[in-house]
Q: 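Before anything else, here's the structure in question.
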Amino acid sequence: MKNTSVFLIFSIITFFIRFPFFFRDYVDRDESTFILLGQSWANGFLPYTQLWDLKPPLTFAFFASIISVFGKSFIAIRFAGVLLVIITAYFTYKIALTTIPKRASVIIGICCIFLLSLFGSLQGVMSEHICIAFFVPALYILFTKKSTIYIFLAGLLMGATVMVKLNMAFPILFIGIFLLYESFFSKKNINLIHVLLFGIGVVTVILATILPYYLSDQTLVWWRSVILAPLEYTEARRYSIFKLAPIFIITGLFLIYAFKTKYLNFKNRTVQLLLVAISGVLFSFVKGGRINGHYLIQLHPMLLILVGTVIYNLILQYKPKLPAYLVFIVFLIPAESYLEYANVINNKYKKGTFFNGEGFSAPQFILENKLETKNILFFEYHIGYWNLDTLPPTTASTHPSNICRDELFSFFNNPRKNSIEELQFIMEELQPKTVVIRKNRRILDKKEIEENEYIDAYLAQHYKLLATVDNAEILQRLE
């Protein structure tokens, strides 16, 4: 099986799994926020100047570039997500080839597609999809290429990675230390020049993201938003050790088993570099103090290769007879995609459009009924701002949960000092005529007790329910 055939197989599988989600609006709040900031940048506003969110600038550059080329195309954004997954899966397969045969490597690549495409928010285009599509090819270069130009290219890709997800600085740092160790103490074909070129490549991309801010005399905006704000957020929003523990326990037990059984060759450079990358990602989770489901995208490709290698060696030793129903189970894995295909067809039959979800249907209702959109407030489905061609009422409300992250207010010069003040300003000063919330759901996070009490009481007193569109409730302000 040639590499082109493998790439084609990966492309077909990825497209089939992710295609029905081209038409679904709401997968994760973060994706909607990325689209808003991408549109803002496409309109000429650098990230953090008109709208604000807690991600490095290349996340928004990815969406801005798609919008600049294809316009306001939701399908183009989701198709770009397909390309990201294909790239990641293909280079995961290429790395696996350095330790196990092609057929087993192809299976690992397909498993990578599943883990990056199914189960909730992974169906959208997350910043983790973008960063890992840079990171895995960079790893492949470090595994297989020795020329200075390729090492520099790996550094550029790693620089792009960290400017999409800041926590990836830790695995990149760990890899840099590993390369330094090799250049001084190993007989591998890595020298200090290679390590320096790798580091220069990383720094080059970081400096390139600062340049637009420097040229517009806004360097401090970059520094405060890209570096200082994430550090503050990390300290303010930490999970308990019990929430962090499972992934560390599972990974640790697996590695102990692989070491004791010798199903992994820990002297193999591929295995060593993968372990270094995995350690860096896990360390970043500890420093970040939280793990959401989509964070694990940063771990899946490297861990899959090691797990796949162990399973391959197990099969090689014991030669088990795999049951025929295993094929049936494999075809059941993309059940979410099958259901979404049915949902898309049903939506087309009932509503005359393939696009489904409150992020489309609620704005459509608002337009058809000529509701006021000035200062409109989406507590949910905030992709609606994009579909209505309007902006959130305040910078803090770019991402609905940012309203309650008052530890971040100072980093974008918000004149309000806390979340209650921000809510009061929006509701009592701006007085949005239209508010969109999610039916039968708490408006803000359950931890925000005072904020929920305020907004529930205010909406009950000053707003009435105008319509329920799917699961979106559209409220109108009382005169």
Side-chain angles (χ1 to χ4, degrees), residues 56 58 91-92 95 98-99 128 131-132 134-207 209 226-227 230-231 234 244 247-248 251-252 254-256 258-259 264-289 291 295-306 309:
L58 288 191
F91 281 99
T92 299
I95 294 171
T98 64
T99 62
E128 289 82 5
C131 82
I132 208 68
F134 290 122
F135 186 75
V136 176
L139 276 182
Y140 172 72
I141 291 172
L142 295 176
F143 286 130
T144 60
K145 308 296 182 182
K146 303 300 180 184
S147 67
T148 53
I149 187 66
Y150 274 111
I151 298 297
F152 179 67
L153 175 60
L156 291 176
L157 291 171
M158 291 294 190
T161 299
V162 78
M163 283 293 96
V164 173
K165 286 289 293 184
L166 199 63
N167 75 292
M168 292 299 284
F170 289 106
I172 294 169
L173 175 62
F174 282 27
I175 289 168
I177 294 171
F178 178 81
L179 295 179
L180 270 175
Y181 171 82
E182 282 194 326
S183 70
F184 284 112
F185 303 107
S186 172
K187 295 180 180 179
K188 306 291 183 185
N189 190 22
I190 291 286
N191 56 49
L192 191 57
I193 297 298
H194 285 153
V195 181
L196 289 174
L197 282 171
F198 176 79
I200 290 170
V202 174
V203 173
T204 297
V205 176
I206 295 173
L207 292 177
T209 67
V226 179
I227 305 299
L231 293 175
T234 294
L244 295 175
I247 187 62
F248 292 91
T251 304
F254 163 73
L255 292 176
I256 291 170
F259 178 77
L264 274 182
N265 179 7
F266 284 81
K267 293 182 180 179
N268 180 284
R269 185 173 185 263
T270 296
V271 173
Q272 290 175 347
L273 199 48
L274 287 171
L275 287 173
V276 168
I278 289 169
S279 299
V281 173
L282 291 175
F283 184 76
S284 76
F285 292 163
V286 173
K287 293 295 290 181
I291 303 176
Y295 289 11
L296 298 178
I297 291 174
Q298 300 165 94
L299 199 61
H300 286 327
M302 292 83 74
L303 201 52
L304 264 175
I305 296 168
L306 297 184
T309 302

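Because the structure is predicted, anything quoted here is derived from the model rather than measured. Start at 1 with the first residue, then count along the sequence.
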Q: Which pair of heavy atoms, one from Tyr295 and one from Phe285, lies closest together, and at what distance?
A: O-CZ, 3.7 Å

Q: Between Leu139 and Ile175, does a side chain to side chain contact (heavy atoms under 4.5 Å, CB included) hold up when you go through it step by step?
A: CA-CA 9 Å; Leu139 276 182; Ile175 289 168; 3.7 Å; yes

Q: Measuring from Leu156:CG to Phe198:CZ, what's the distance to the nearest 0.5 Å?
A: 10.0 Å

Q: Taking side chain as C-beta onward, heavy atoms only, is Leu179 less than 4.5 Å from Ile151?
A: no

Q: Hey, are the side chains of Thr92 and Ile305 touching, using non-hydrogen atoms and a 4.5 Å cut-off?
A: yes

Q: Looking only at non-hydrogen atoms, find the nearest pair between Met158 and Ile172 and report the distance.
A: O-CD1, 3.1 Å

Q: What distance do Leu274 atom CG and Arg269 atom CZ have between them, rounded to the nearest 0.5 Å?
A: 10.5 Å

Q: Answer yes or no: are there more than 12 heavy-atom neighbours, outside Tyr150 itself, under 6.0 Å from its atom OH?
A: no

Q: Could you label the plane-to-plane angle of the Phe259 and Phe266 rings as parallel, tilted or perpendicular, counting under 30° as parallel and over 60° as perpendicular?
A: perpendicular

Q: Do Leu299 and Ile247 have side-chain heavy atoms sitting under 4.5 Å apart?
A: yes

Q: Nearest 0.5 Å, what's the OG1-CG distance between Thr251 and Leu255?
A: 6.5 Å

Q: Mind checking the CG-CG spacing from Asn191 to Leu197? Nearest 0.5 Å is all I need.
A: 8.5 Å

Q: For the residue pair Leu192 and Phe184, establish whether any side-chain heavy-atom pair is separated by less than 4.5 Å.
A: yes

Q: Looking at every non-hydrogen atom in both residues, tell me the closest pair between Phe170 and Gly280 and how far apart they are.
A: CB-O, 3.6 Å

Q: Are Leu58 and Val205 packed together at the side-chain level, in the sense that at least one heavy-atom pair is separated by less than 4.5 angstrom?
A: yes

Q: Side chains of Val164 and Glu128, heavy atoms from C-beta outward: is any pair under 4.5 Å?
A: no

Q: Might you work through the side chain to side chain contact (heavy atoms under 4.5 Å, CB included) test for Asn167 and Val162, ending with a clear yes or no?
A: CA-CA 7 Å; Asn167 75 292; Val162 78; over 6 Å; no

Q: What closest approach, in Å, do Leu166 and Met163 show between heavy atoms, and which atom pair accounts for it?
A: CD1-CE, 4.1 Å

Q: Regarding Thr99 and Thr270, do their side chains bring together a donor and an acceptor under 3.5 Å, going by distance alone?
A: no

Q: Which heavy atom in Ala138 sits nearest to a heavy atom in Ala154, and how many Å separate them?
A: CB-O, 3.7 Å

Q: Let me know which of Thr144, Val136, Leu273 forms a side chain to side chain contact (heavy atoms under 4.5 Å, CB included) with Ile95.
A: Val136

Q: Can you tell me how far CG of Asn265 sits from OG1 of Thr309, rounded to the nearest 0.5 angstrom?
A: 10.5 Å

Q: What heavy-atom pair brings Pro137 and Phe91 nearest, and what distance separates the two atoms?
A: CG-CD1, 3.6 Å

Q: Would you find more than 12 non-hydrogen atoms of other residues, nucleotides or ligands less than 6.0 Å from Phe143 atom CZ?
A: yes

Q: May I have the step-by-step check of side chain to side chain contact (heavy atoms under 4.5 Å, CB included) for Leu264 and Leu275, ending in yes or no?
A: CA-CA 11 Å; Leu264 274 182; Leu275 287 173; 5.7 Å; no

Q: One pair to check against side chain to side chain contact (heavy atoms under 4.5 Å, CB included): Phe134 and Lys165. What are the steps and the verdict?
A: CA-CA 11 Å; Phe134 290 122; Lys165 286 289 293 184; over 6 Å; no

Q: Is the shortest heavy-atom distance from the side chain of Phe174 to the side chain of Val281 under 4.5 Å?
A: no

Q: Glu182 versus His194: any side-chain heavy-atom pair under 4.5 Å?
A: no

